[in-house]
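Written below as structure tokens is the structure these notes are about.
Excluded from the calculations below are hydrogen atoms, water molecules and symmetry mates; all remaining heavy atoms, backbone and side chain alike, are included. Each residue takes its place number in the sequence, starting with 1.
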Amino acid sequence: QVQLVESGGGMVQPGGSLRLSCVASGDILSINTINWYRQAPGKQRELVATISSGDTSPISDSVKGRFTSSRGSVKNTVYLQMNSLRPEDTANYYCNAVGIMTETGWERDAWGQGTLVIVSS
């Protein structure tokens, strides 16, 4: 079974930076797309960034210019670099893998458990 694990969350002061990691594990041959989402209590889930094969990583308007997503040097690992963090960035951040090819064929979309980011003084 494919699983995703996010890490790197924590508490940071406004204006600070964090880098989130998403690692996919299992009998994975390839992943076409990994999305970063975030959701705060009482708010709608928001797409933050998308990393796909053959394309650059789009960033949502709410974080554009502050966040960047990238593929890692480790297999099936992606990062979300978050700079100039604001209190409104406080949320649970999730990674979502789409188009997962495993040894037995295409796997269903996978979600991580989330990592909490708190931006506060």
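- Cluster partners of W111, using a side-chain heavy-atom cutoff of under 4.5 Å among ILVMFWY residues and allowing indirect links, are Y37, L47, Y94.
- Nearest heavy-atom pair, G114 versus N92, reported as atom, atom and distance to 0.1 Å: C-OD1, 4.2 Å.
- Its side chain within the 4.5 Å cluster rule, M11 clusters with L116, I118 among the Ile, Leu, Val, Met, Phe, Trp and Tyr residues.
- With no hydrogens or angles considered, no side-chain donor-acceptor pair links Q13 and S120 at under 3.5 Å.
- Within the 4.5 Å cutoff, the side chain of V23 has no heavy atoms near those of the L4 side chain.
- The two residues V2 and A110 make their nearest non-hydrogen contact at CG1-CB, 4.2 Å.
- When the side chain to side chain donor-acceptor pair (under 3.5 Å) test is applied to R86, no partner is found at least two apart in sequence or on another chain.
- Because its NZ or CZ atom is both nearer than 6.0 Å to the ring centre of Y79 and within 45° of the ring axis, R19 counts as a cation-pi partner of that residue.
- Partner of D109 under the side chain to side chain contact (heavy atoms under 4.5 Å, CB included) criterion, out of N96, I100, T33: N96 alone.
- For the atom pair Y93 OH and M82 CE, the distance stands at 5.5 Å (nearest 0.5 Å).
- I51 contributes atom CD1, which lies 6.0 Å from atom OG of S70 (distance to the nearest 0.5 angstrom).
- Heavy-atom minimum distance, L18 versus G8: CD2-O, 3.8 Å.
- Of all the heavy atoms in R38 and S62, the pair that sits closest is NH2-OG, 3.6 Å.
- Minimum heavy-atom separation, A40 to A91: N-CB, 3.9 Å.
- No donor-acceptor contact under 3.5 angstrom links the side chains of S52 and T50, judged on distance only.
- The shortest non-hydrogen separation linking T102 to L29 is O-CD1, 3.5 Å.
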